[in-house]
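Input: a single structure, listed below in structure tokens.
Throughout, protein chains are lettered first and strands after them, A, B, ... in sequence-line order, and every chain is numbered starting at 1. It should be emphasised that the depicted structure is a prediction, and the values quoted were computed from it without experimental measurement.
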2 protein chains.
Amino acid sequence: MTGTRDGDVDGVLVALADPTRRAVLDALAVSGPASATVLAAGLPVSRQAVVKHLVVLEAAGLVSGSRLGREVRYQVRPARLTATARWMDSLARDWDERLVAVKRLAEGG
Amino acid sequence: MTGTRDGDVDGVLVALADPTRRAVLDALAVSGPASATVLAAGLPVSRQAVVKHLVVLEAAGLVSGSRLGREVRYQVRPARLTATARWMDSLARDWDERLVAVKRLAEGG
DNA sequence: GCGAGGCGCAACCCTGTGGTTGCACTACGG
DNA sequence: CCGTAGTGCAACCACAGGGTTGCGCCTCGC
């Protein structure tokens with residue numbers, strides 16, 4: 001399992017690194033599917049800014065948009081987020097192991 | 001628990017968003033504690049660049065440096081990483097719950 | 001058909017920041 | 001004591017990217 005390739009992780013991390021983007025995600029999660037215009041109404045930035053963020057988020061796989069008539073409704077997608085959380089956790093475990101190993105060596109085990 | 005405040009998460013995410021920074025972390029994890037100069041030798045950037053990255057990483061709590069004579073040895077710190085992984089995972093669960101709720105409403109439950 | 005609401009595209013500004021180089025300072029080793 | 005390895009600081013460059021505005025195009029409603 002975990003087809004979590006480095007590119008995927010990079011996209012998610014870059015996407016999450018921006019506070020406005022996190023705000024967009026938060027708004028989306030709370031309000032349910034919504035359009036860029038609606039989202040922008042509840043955020044301190046313009047619609048175009050929101051659109052750009054949505055593009056990044058969609059590229060990262062954190063969000064998916066589908067057209068309904070003249071609107072585009074965006075929806076949150078938990079999968080990549082979960083995958084990245086896993087990646088980080090296993091990375092942390094890896095560090096821990098190595099630290100223990102180094103410590104053991106240092107203590108002359 | 002979860003004393004995971006938003007500021008902490010932000011720092012970690014910003015730190016991890018840069019590929020060079022991830023490379024530095026990786027090198028540190030693999031080689032064990034090392035100085036900026038040593039790290040720079042194994043990376044495609046200058047020592048100063050590595051130093052800057054280490055400053056960011058240390059501010060994020062992903063790394064800690066301690067002075068030994070004229071060297072400064074940096075070490076990986078898994079704690080914040082684990083915490084952030086947790087944060088992301090619980091966020092993903094939250095999204096999932098909300099999606100299920102929305103779906104239920106849509107189906108007229 | 002026509003106005004209005006919503007999107008998409010493009011140009012543009014400006015700050016943040018990853019990167020470099022150069023130099024001064026400190027600590028080890030002979 | 002003096003050379004050298006290692007750090008720290010500062011100036012500087014260049015580009016990415018977050019933000020804005022303006023405009024043209026489609027789609028819905030009357």
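- Pairs engaging residues 56-76 of chain A under the salt bridge (charged side-chain N to carboxylate O under 4.0 Å, His left out) rule: none recorded [sequence neighbours left out].
- Residues passing the side-chain hydrogen bond (donor to acceptor under 3.5 Å, both in side chains) test with D94(B) are R98(B), sequence neighbours excluded.
- With rounding to whole Å, R73(A) atom CZ is found 13 Å from dG6(C) atom C1'.
- In this structure, the side chain to side chain contact (heavy atoms under 4.5 Å, CB included) partners of L39(A), at least two apart in sequence or on a different chain, are V24(A), A27(A), L28(A), A34(A), V50(A), L54(A).
- As rounded to whole Å, 19 Å separates atom P of dA5(D) from atom CG of L39(B).
- If you measure from atom CG of L43(B) to atom P of dG18(C), you get 15 Å, rounded to the nearest angstrom.
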*Per-nucleotide protein contact string for nucleotides 15-29 of chain D (B base, S sugar-phosphate only, - none; heavy atom under 4.0 Å)*: ---SBBB-----BB-

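- Considering only residues two or more places apart in sequence or on other chains, D96(A) meets the side-chain hydrogen bond (donor to acceptor under 3.5 Å, both in side chains) condition with none of them.
- Shown here are the side-chain hydrogen bond (donor to acceptor under 3.5 Å, both in side chains) partners of D10(A), two or more places apart in sequence or in another chain: R22(B).
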